[in-house]
Enquirer: 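Pasting a structure here, questions to come.
Bear in mind that the values here come from a model prediction, so they are computed numbers and not experimental data. Residue numbers count from 1 along this sequence.
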Amino acid sequence: MLSKYCLLGVAIVIGTLACESQPILSPKEIGMVSYTYRNEFANDVPATLDEIQRLGIVDMEFSNLFGQTAQGLRKLLDERKMSCSSFGVSYGDLVNKTSEVAENANALGAKYVRVASIPHERGSFTLEEAEKAVTDFNRVGKVLRDEYGLLFIYHNHGFEFHPHEGGTLYDYIVNNTDPEYVGFELDILWAFFPGFDPVELLEKYGSRYKALHLKDLKQGVEGNLSGSTAKENDVALGTGQIDIIAILKAAKSAGVMHYYIEDESDRIDEQVPQSIHYLKNLRN
């Protein structure tokens, strides 16, 4: 018969192993950006929500209302016990239709308003364009926070990483926006593609990041500063070039709360379930 001390030792070992094998992300932390299902949403919003819910996703980031009112879309989400944590809009709407954007975001139940690009000429991005974005983000971010209780977040798209004073214009944007009014959503592909390490960015800017876009880049594809690559270069998470595990660990350490799968390819029926399975089975 084992002594009580042996039993205690066994319990400690089992407990330690259990702690070491905890999932990196809980199932509820795995979200979806509507752009992944843009074609399906354009045809049938309720049926598409049913499909996403069937995959176990309850957290959504909407970048389009797909012909619905914000109130109507919120009702469809509520009926499925799903939620919208982030509402993506164009730069123009952010600046010129701030009240409408905010009212829609609040109707959806979102806590973030997200923009995924800054006006620029394709293939270039200038300090003047970055300066204007900083001014707009700080001004509109203050309105969203003070008047509507929302936080503005900016989603990088690759072109922001042009060199500037020993760093990049992305660094300039982060360092010159007010953390009280401006946060960030890190698209890991659009950091990796122009040659930067998402882990280093997460470690550098920490709590400025509120959300991630999770996507992977096809093996063999070379990146650049264009902010553009073929949609078919999006592959299932864990099958491409990007170190997803290291990024998720850094994101958890930074306090990131939302992890949205984004797959721009035409293979989502195959790849999205594969990506979800991959994320659910990652362990520390």
Enquirer: Less than 4.0 Å between a side-chain N and a carboxylate O, is that true for R54 and E51?
Expert: yes
Enquirer: Suppose we screen for ring pair (Phe, Tyr, Trp, His ring centres under 6.0 Å). Which residues come up paired with H155, at least two apart in sequence or across chains?
Expert: H157, H213
Enquirer: Determine whether T239 and Y278 satisfy the following criterion, side chain to side chain donor-acceptor pair (under 3.5 Å), listing intermediate values before the conclusion.
Expert: CA-CA 10 Å; T239 68; Y278 172 79; over 6 Å; no
Enquirer: If we check side chain to side chain contact (heavy atoms under 4.5 Å, CB included) with V89, which of these qualifies: V101, N64, T98?
Expert: V101
Enquirer: Taking S83 for its side chain and S85 for its backbone only, find out whether a donor-acceptor pair lies under 3.5 Å.
Expert: no
Enquirer: Answer yes or no: is there a side-chain heavy-atom contact under 4.5 Å between L201 and F161?
Expert: yes
Enquirer: Distance only, no hydrogens: is a donor on one side chain within 3.5 Å (strictly under) of an acceptor on the other, for H164 and D171?
Expert: no
Enquirer: Could you work out, with ring pair (Phe, Tyr, Trp, His ring centres under 6.0 Å) as the rule, every residue matching Y37, not counting sequence neighbours?
Expert: none
Enquirer: State which residues pass salt bridge (charged side-chain N to carboxylate O under 4.0 Å, His left out) with E79; sequence neighbours excluded, sorted by chain then number.
Expert: K75
Enquirer: Please answer whether the main-chain N or O of E40 pairs with a side-chain N or O of D44 as donor and acceptor at a distance below 3.5 Å.
Expert: no
Enquirer: Show me the donor-acceptor pairs within less than 3.5 Å that the side chains of residues 240-249 make with the rest of the protein, sequence neighbours left out.
Expert:
residue	atom	partner	partner atom	Å
Q241	NE2	K218	O	2.7
Q241	NE2	V221	O	2.9
D243	OD1	A246	N	3.2

Enquirer: Holding to side-chain hydrogen bond (donor to acceptor under 3.5 Å, both in side chains), I want the full list of residues that pass it with S265, two or more places apart in sequence or in another chain.
Expert: D263, Q271
Enquirer: Between Y172 and V134, does a side chain to side chain contact (heavy atoms under 4.5 Å, CB included) hold up when you go through it step by step?
Expert: CA-CA 9 Å; Y172 176 86; V134 164; 3.9 Å; yes
Enquirer: Salt bridge or not for D50 and R80, using N-O below 4.0 Å?
Expert: yes
Enquirer: Is the shortest heavy-atom distance from the side chain of L77 to the side chain of F62 under 4.5 Å?
Expert: yes
Enquirer: Quick check on side chain to side chain contact (heavy atoms under 4.5 Å, CB included): which of R114, K210, K111 does L151 satisfy it with?
Expert: K210
Enquirer: Residues in salt bridge (charged side-chain N to carboxylate O under 4.0 Å, His left out) with R74, at least two apart?
Expert: D78
Enquirer: Counting only N and O atoms by type, is there a donor-acceptor contact under 3.5 Å from the side chain of E160 to the main-chain atoms of G158?
Expert: yes
Enquirer: Which residues satisfy the salt bridge (charged side-chain N to carboxylate O under 4.0 Å, His left out) test with R122, sequence neighbours excluded?
Expert: none
Enquirer: Quick one: does any side-chain atom of R38 pair with a main-chain N or O of F66 as donor and acceptor, under 3.5 Å?
Expert: no
Enquirer: Could I get the full list of side chain to side chain contact (heavy atoms under 4.5 Å, CB included) partners for E121, not counting sequence neighbours?
Expert: S124
Enquirer: Return yes if some donor-acceptor pair links the side-chain N/O of Q71 with the main-chain N/O of A107 below 3.5 Å, else return no.
Expert: no
Enquirer: Using ring pair (Phe, Tyr, Trp, His ring centres under 6.0 Å) as the criterion, list what pairs up with Y209, not counting sequence neighbours.
Expert: none
Enquirer: Holding to salt bridge (charged side-chain N to carboxylate O under 4.0 Å, His left out), I want the full list of residues that pass it with E29, two or more places apart in sequence or in another chain.
Expert: K252
Enquirer: Once ring pair (Phe, Tyr, Trp, His ring centres under 6.0 Å) is applied, do any residues pair with F152, and if so which ones, sequence neighbours excluded?
Expert: F137
Enquirer: Taking side chain to side chain contact (heavy atoms under 4.5 Å, CB included) as the test, write out the residues that go with E103, two or more places apart.
Expert: S99, Y148
Enquirer: Are the charged groups of K215 and D187 less than 4.0 angstrom apart, N to O?
Expert: yes
